[in-house]
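In what follows, a structure is listed as structure tokens, so that the remarks can point back to it.
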Amino acid sequence: MSSKLRRLAPSLLACLLFQASGVNAEEVVDLGSRVPDAKTVAEGLFPEDTCKELEASGFKCMGFKPAVRFSLPGASFARGSAELSDQLKNQLDAFAEVLKTKTDTSYKIVIEGHTDITGPDALNDKLSFRRAQAVRSYLIAKGAQPAQLEAAGMGSKKLRNPKDPAGGENRRVEIGRQQ
């Protein structure tokens, strides 16, 4: 196997696996408490870059997986809080590593804040926006471009675990590309 092929083999395999798995643009990848590596984040947010890399190396790209959204509930927020936990900061560091290299991209990255159902809707809407803003500020402090990041508060409208609407996994952020 040539060194070029050996270097690209993981990316090529990832393209094939995602095509075979039927991942669609609405898919949310739940990270739980796992800290993703930068490659996972880059391939999730910017999958077309893998295809461009293959083509630049002389291979034909037969398509790529659509971008996904990442859900980060493993280090869920405390009730009523927008303070980032150390676990969440560790996860966000992988996103910052990728985003600070994407200064020329035209894609907008949306950070959605979410809450559980405890509390009135008006309070949950404000709290979820504060959570998204806290993540946005953290990513900017780590080198991401402010114009690339958009914060949105979703309140308790999109529960991650509707069977436990007050559960911690509902108090999360999701990061993805604007469709």
Side-chain angles (χ1 to χ4, degrees), residues 14 17-47 64-99 102 107-142 144 146-179:
L17 289 175
F18 275 100
Q19 286 177 352
S21 69
V23 172
N24 63 46
E26 295 300 317
E27 176 135 2
V28 177
V29 175
D30 189 343
L31 292 177
S33 60
R34 291 177 295 136
V35 176
D37 58 27
K39 182 175 176 150
T40 299
V41 172
E43 288 178 352
L45 292 178
F46 305 101
F64 50 86
K65 65 182 169 108
V68 298
R69 288 187 306 145
F70 291 94
S71 180
L72 294 87
S76 62
F77 294 89
R79 279 201 176 97
S81 173
E83 185 176 332
L84 305 180
S85 69
D86 289 340
Q87 176 67 32
L88 182 54
K89 288 177 183 178
N90 288 337
Q91 290 176 317
L92 292 174
D93 287 344
F95 287 85
E97 186 178 333
V98 171
L99 293 174
K102 297 294 181 185
Y107 296 110
K108 182 76 79 175
I109 302 300
V110 178
I111 303 159
E112 293 180 352
H114 296 267
T115 66
D116 60 25
I117 64 159
T118 59
D121 286 345
L123 181 63
N124 283 341
D125 289 344
K126 289 178 185 175
L127 177 59
S128 64
F129 183 73
R130 284 191 3 245
R131 289 175 176 168
Q133 279 291 93
V135 168
R136 182 179 184 272
S137 295
Y138 183 84
L139 292 171
I140 290 168
K142 292 288 187 167
Q148 187 180 24
L149 303 176
E150 180 180 313
M154 305 305 291
S156 60
K157 295 171 191 71
K158 294 182 178 179
L159 296 175
R160 189 78 180 130
N161 183 0
K163 292 181 181 179
D164 183 10
E169 63 271 21
N170 295 312
R171 299 186 303 270
R172 70 195 187 283
V173 292
E174 291 189 0
I175 301 174
R177 272 192 2 205
Q178 189 173 42
Q179 298 298 322

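Numbers for residues simply follow the sequence, beginning at 1. Computed from a predicted structure; not experimentally measured.
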Can you name the closest pair of heavy atoms from [X] and [Y] and give their distance?
X	Y	value
G113	A132	N-CB, 3.6 Å
V41	P36	CG2-CG, 3.8 Å
A144	L99	CB-CB, 3.9 Å
K108	A147	NZ-O, 2.6 Å
P162	P165	O-CD, 3.4 Å
R34	Q91	O-NE2, 2.8 Å

Are there more than 12 heavy atoms of other residues, nucleotides or ligands under 6.0 Å from atom CD of E83?
no

Measure the shortest side-chain to side-chain distance between [X] and [Y] over non-hydrogen atoms and say whether it is less than 4.5 angstrom.
X	Y	value
V29	T40	no
F95	I109	no
D30	P73	yes
L92	L72	yes
R136	P146	yes
D121	S156	yes

Atom pair [atom1]/[atom2] of [X] and [Y] - distance to nearest 0.5 Å:
X	Y	atom1	atom2	result
Y107	R177	OH	CZ	4.5 Å
L149	Q178	CG	CD	11.5 Å
R171	T118	CZ	OG1	6.5 Å
S128	D116	OG	CG	11.0 Å
E174	F70	CD	CZ	11.5 Å
N124	M154	CG	CE	12.5 Å

State which residue, out of R160, H114, K158, fulfils the side chain to side chain contact (heavy atoms under 4.5 Å, CB included) condition with N170.
R160

Establish, for the pair K102 and F46, whether the NZ or CZ atom is under 6.0 angstrom from the six-membered ring centre and no further than 45 degrees off its axis.
yes

Would you please test T115 and F129 for side chain to side chain contact (heavy atoms under 4.5 Å, CB included) and show each step?
CA-CA 10 Å; T115 66; F129 183 73; over 6 Å; no

Test: E112 and R69 ion pair at under 4.0 Å:
yes

Charged N to carboxylate O below 4.0 Å: is that the case for K157 and D125?
yes

Is the side chain of R131 donor-acceptor paired with the backbone N or O of S81 at a distance under 3.5 Å, no angle test?
yes

